[in-house]
Amino acid sequence: PRALWFFYASPPSNIKLDLRTPGCGWKAATIDADRGPALLLAPTAPLAVPLLRLPALYRTLWPGIQRAVGVSEAPVDASMTDWRTYCIAWGDKQARFSVDGTTVLDCVTPPRGPLGLVIWIDNQAMVVTPQGRLWHGLLEKRGEQWLELASVTVERGVSGW
């Protein structure tokens with residue numbers, strides 16, 4: 001997969017692709033598992049995934065794998081129920097995520113394009129961890145849910161980045 005996203009994963013979800021970022025919650029993230037370094041590591045996955053279950057090896061091995069797969073993540077400390085301005089400025093050499101003009105994540109290895117724009121709300125939960133844990137399910141919907149957008153603008157990538 002290749003993605004740039006603002007993403008909320010509700011518990012019990014655990015999509016922990018960055019060693020320092022929680023597996024659930026509101027975050028900004030990038031991934032590009034179709035890059036050369038990631039493809040070179042792919043044949044080692046059957047050996048690496050079981051080794052990543054050992055905490056010491058996970059802390060040692062995962063940072064290099066994370067760089068190869070182009071993962072960058074940062075928590076977003078902003079209420080999702082207030083009006084906000086979210087921006088993803090994406091160029092060849094950098095991607096910057098901001099909320100209300102404040103940078104929450106700078107990525108120097110952004111995914112290559114083309115990418116599509118997806119905006120949605122759902123009640124799914126997922127677990128995908130470097131240790132090979134996989135699970136998918138639906139969460140009970142509590143109360144009314146909606147997603148309200150005042151405007152959406154998509155522009156060409158930022159030149160010079």
Side-chain angles (χ1 to χ4, degrees), residues 1-45 48-49 51-80 84-122 124-136 147 152-161:
R2 291 182 303 197
L4 296 130
W5 57 11
F6 283 103
F7 182 79
Y8 179 79
S10 48
S13 293
N14 183 5
I15 305 174
K16 184 175 179 53
L17 300 178
D18 184 298
L19 189 65
R20 300 154 300 171
T21 306
C24 62
W26 188 218
K27 55 186 167 179
T30 68
I31 187 170
D32 187 352
D34 197 28
R35 299 165 11 125
L39 296 174
L40 289 173
L41 283 176
T44 68
V49 169
L51 293 175
L52 292 173
R53 293 180 183 178
L54 302 170
L57 285 178
Y58 170 62
R59 286 189 304 277
T60 301
L61 297 175
W62 187 250
I65 297 169
Q66 180 179 317
R67 278 189 302 280
V69 179
V71 168
S72 295
E73 288 186 340
V76 175
D77 186 23
S79 167
M80 293 188 300
R84 303 275 179 205
T85 300
Y86 293 91
C87 178
I88 301 173
W90 174 38
D92 292 336
K93 298 176 185 168
Q94 185 176 358
R96 176 171 292 139
F97 295 74
S98 62
V99 178
D100 296 333
T102 300
T103 300
V104 296
L105 176 64
D106 267 322
C107 171
V108 294
T109 55
R112 296 167 292 120
L115 299 176
L117 175 66
V118 177
I119 301 171
W120 87 94
I121 186 171
D122 66 27
Q124 297 181 54
M126 181 172 278
V127 173
V128 178
T129 69
Q131 294 82 12
R133 288 190 55 225
L134 301 172
W135 174 82
H136 177 268
L147 175 66
V152 175
T153 304
V154 178
E155 300 174 9
R156 274 186 82 101
V158 180
S159 64
W161 274 21

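Only a predicted model underlies this, so the values are computations on that prediction, with no experimental measurement involved. Residue numbers count from 1 along this sequence.
Residues satisfying the side-chain contact (heavy atoms from CB on, under 4.5 Å) criterion with P1, sequence neighbours excluded, are I31, A33. In this structure, the ring pair (Phe, Tyr, Trp, His ring centres under 6.0 Å) partners of Y86, at least two apart in sequence or on a different chain, are F6, W26. For S98, the side-chain contact (heavy atoms from CB on, under 4.5 Å) partners at least two apart in sequence or on another chain are C87. Annotation: ring pair (Phe, Tyr, Trp, His ring centres under 6.0 Å) contacts of W135 (sequence neighbours excluded): none. Every residue meeting the side-chain contact (heavy atoms from CB on, under 4.5 Å) condition with T129, not counting sequence neighbours, appears here in chain and number order: N14, V127, Q131, R133. Applying the side-chain contact (heavy atoms from CB on, under 4.5 Å) rule to L40 yields no partners; only residues at least two apart in sequence or on another chain are considered. Residues satisfying the side-chain hydrogen bond (donor to acceptor under 3.5 Å, both in side chains) criterion with R84, sequence neighbours excluded, are D100.
Atom-to-atom distance recorded for T109:OG1 and K93:NZ is 14.0 Å, nearest 0.5 angstrom. A distance of 11.0 Å separates SG of C107 from CZ of R96, quoted to the nearest 0.5 Å. The CE atom of M126 sits 12.0 Å away from atom OG of S10, with the distance rounded to the nearest 0.5 Å. In this structure, CD1 on I88 lies 9.5 Å from CG on L105, to the nearest 0.5 angstrom.
Within 6.0 Å of the CG atom in D34, the count of heavy atoms belonging to other residues, nucleotides or ligands exceeds 12.
A pairwise comparison of heavy atoms in K16 and P130 identifies O-CD, 3.3 Å as the closest pair. Scanning both residues, A68 and L41, for their nearest heavy atoms gives CB-CD1, 3.5 Å. Annotation for Q94 and P110: closest pair N-CG, 3.5 Å, computed over non-hydrogen atoms. Residues C24 and A9 share a closest heavy-atom pair of CB-O, 3.1 Å. Closest non-hydrogen pair, S13 versus Q124, comes out as OG-O, 4.4 Å.
Residue pairs that meet the salt bridge (Lys or Arg N to Asp or Glu O under 4.0 Å) test with at least one member in residues 20-33, sequence neighbours left out, are D18-R20, K27-E73, D32-R112.
At a threshold of 4.5 Å between non-hydrogen side-chain atoms, the residues F97 and T30 count as touching.
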Donor-acceptor list for residues 56-64 side chains, cut-off 3.5 Å, not counting sequence neighbours:
unit_1: R59; atom_1: NH1; unit_2: P55; atom_2: O; d: 3.4
unit_1: T60; atom_1: OG1; unit_2: A56; atom_2: O; d: 2.9
unit_1: W62; atom_1: NE1; unit_2: L17; atom_2: O; d: 2.9
unit_1: W62; atom_1: NE1; unit_2: Q66; atom_2: OE1; d: 3.3

